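See structure below.
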Amino acid sequence: MRCHIALIALAAVLWSGAASAGERVTGIVLMAPSAGTVVIHHAPFGGMPAMTMTFRVPAQTRLQPGDRIAAEVDRTTDPWSLADVRVVTAAKVTPAVAEPPIARVGDWVADVPFVDQRGHAMSLRALRGAPFAVSFIYTRCTDPHMCPLVSAKFHALQQRLPGRASLVEVSLDPAFDQPRVLARYGAAFGADPHRWHLLTGDPRTVLDFAAHFGILEEAQGPVKIVHSERLAIVDADGRIVRFFDDARWSPGDVLAALATAQYMVQKQP
Amino acid sequence: MRLSSVGLAGVLAVVLGSCSGGSTSSNTVPAVSLGAQAPVSAAVNPAPLNVIPEAVSVNAAVNLTLQARFNAENRPSFFWNGQEVAPTIRVRPGDTINLTFVNALPEFCSVGIETDANLHFHGMHSSPIPPGDNVITTKAAPGGSTGYVIHVNPDQPPGLYWYHAHVHGLSAWEVGNGLAGAIVVEGIGNYVPQTAGLRERVIVLRDPPISSSFLAGEQSVLRRTGTVTPSATARKPLDADSTGGNACSPETDMTPTINGARLASIGIRPGETELIRVVNAASHRHFDLTVDGQQLQLVSQDGVPVSMYPGEPAMIPVSDIIIPPAGRAEFLLTGSRVPAALISKCFGSGPVGNNDPEVALGVFTDDSHWPSHSTEKTQSERHVARLASVRRSPFFNSRMPAPVQERIVHFQEDPTGNYLYLNGQQYNANAPSMFTAHSGTTEEWTLENDTEEVHVFHIHQVHFIVESVNGVPNPSPHWLDTIDLASTGIGVAGQIIPSQTKVLIDFRDPVIRGTFVFHCHILDHEDHGMMAKITVL
């Protein structure tokens, strides 16, 4: 009998030792009702289901309700204690800094204040009622595969625009591309300011607008801007209906997309 | 998208501004009221659950003016009597809600949409004809207002309902940020005697996006449906990766709140049973509520006591309750001496839907020893009343007759998830109704989900019962107005099998005549087309 008790005691010691060595628990801090204690809703661990429990913690531990923590459990105290407490996710939710929300087909195009090549205030809302194509350029751009190519193709588009459809080019160098500069650039490509709007404005606003279209840009030196290229077709209601990625789109395809959007306008009662 | 040069080092990390062109600041919904980094050596407890102010009917009518405008964080919010709050409207069957709705939102969002707003009285069996519960033509333009007169049906089951904005194209942003509040129809004590005299507590759950911008409001779910293509998504079980990065990791773009706070302590006296009334006012999030594995006694769903459908018990014991967006659940909970966590478990919304991660919403604590001011704030003073005026309903208290019409509604989306359809059609307010039904009848609808994510069916004005799901009869049919539709499954031969939910819809009440809508209550889905009209003649 005595032997049995000794064995059970030995087993208990061994078991408790095994269970507490390096046993970690994760959970959410709910409250800290008094000095040195926290109430945690923990995930299953060591044969225990997920539940709410009170634990001891070192007095200097700083935790807030809502913190997600991971810690080592010591089952030898009453209540059990936590050591090596690490905050996995702090309760205070910080804004996601990650990616800007990129516009998608079906989204409304952002209505931000621009200034056109004539120096007139303009918003894309003014173009409602007819579809338009919008793309991005900067006047000092010299890469023949990018901005000049886009503008040359815009020239071709301008000749054959259906209905009241129009064209929009937004500057990626708004600080430099003032209306006068845009007017010169437009004239070089034969832009009709009534149908082909070259837009600039508050640099931050304009570049935010471009970023919203997924345009990545980075100034490399005082003149050169490395950027991606994209064209969007916006319908008469101001919704994006199609994207053409990079600058290799064919004017025929863009015209077809504009014509489709124009057709939808005419079809409406 | 092609870059014109390699080595692009920097990417603009900007977020489009909110409607006022304002900040993209963090969600500053009133949170746990703690000093920064309070040490644990002092007691650190979440703030007591906020008690929502109530607009209560007097002499069979409640008159109120609700103003929708931006709060300090540029979020659409309700203001009532000068206070930023969506009051709980408390009425009795047969009362009238006279509500003046003022739209003081800024005229245009930065995305160029006119910020119209309106209201829907979700679950209320009242007329869809203006100035009633009409969302198709009734709306207030920015700077304008409109009036609602809602005659609470004398047969309206006593329970929890809600009101929320319902402008097609804007609903996720408006509701997600806060244009929603609770409605209580009194008298549940008449149908569930176990609740009579109990302290009751109204809980409004929301999921405001972290950014107040329109795009953040609408895109939270677009990300769900749009960025994951079915082929790229392995069907992995939930909790496959407990180290984070999986769907059950903490929330990143939304911050679920409970009566405006991220985490609340809810005082409940040990041994005392309370009626907990929860509305899921989130624009798209599911809540799967559990209280530390305790058995909860479900007494009502979607405003209707379970027992109102013939043959159903007064209470259904459950370990957890899934409340879809727009759903309501009312349950009994008994306080204990040890703290108990109110947790929303991870909810899986299908292979291409994002899942709603586990979140702690509150902790039920024994507050009988707290200082009285805490107790005052945390204890609801409302007790469930029995009403002399509640009568047996010829509709809700009777088994439904056989349907006169069978219909099928396919829930569909294009592969990008940007366009969502019912029976191949996107919502068009000017198009004829998809269905015409006849008052006095019932109809059997087969709701077929052809997509790889959960959708949430809701039909205005009426309730229904679920007959079967994927051919399996529902053993416990009771009244609902909002139901989850499971995502598609995969057959033994690898074929995609749509899910089918058969519901029996009750168009018997003669009050329900006119044109109204049915839709997916994941509101981004509704905004992107998943809604249609029905006319009841």
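Both backbone and side-chain heavy atoms feed into the values below; hydrogens, waters and symmetry mates do not. Since this is a predicted model, take the numbers as computed values, not measurements. To find a chain, count down the sequence lines: A is the first, B the second, and so on, and within it residues start at 1.
Here the side chain of Thr52(A) pairs a donor or acceptor atom with the backbone of Ala341(B) at under 3.5 angstrom.
With a 4.5 Å cut-off on non-hydrogen atoms, Val338(B) does not touch chain A at all. Both the backbone and the side chain of Ala360(B) come within contact range of chain A, judged by heavy atoms closer than 4.5 Å. Only the side chain of Val39(A) comes within less than 4.5 Å of a heavy atom in chain B; its backbone stays farther off. Contacts of Val88(A) with chain B are absent, with no heavy-atom separation under 4.5 Å from either backbone or side chain.
Smallest separation of non-hydrogen atoms from Ile240(A) and Tyr419(B): O-OH, 4.5 Å. Contact between Arg239(A) and Asp527(B) at its shortest, heavy atoms only, is NH2-O, 4.4 Å. Closest approach of Leu263(B) to Leu30(A), counting heavy atoms only: CD2-O, 4.1 Å. Counting all heavy atoms, side chain and backbone alike, Thr365(B) lies closest to Met31(A) at CG2-SD, 3.3 Å. A pairwise comparison of heavy atoms in Val359(B) and Arg68(A) identifies CA-NH2, 4.0 Å as the closest pair.
By the salt bridge (charged side-chain N to carboxylate O under 4.0 Å, His left out) test, Asp320(B) pairs with Lys345(B), sequence neighbours left out.
A distance of 4.0 Å separates CD1 in Ile343(B) from NE2 in His41(A), rounded to the nearest 0.5 Å.
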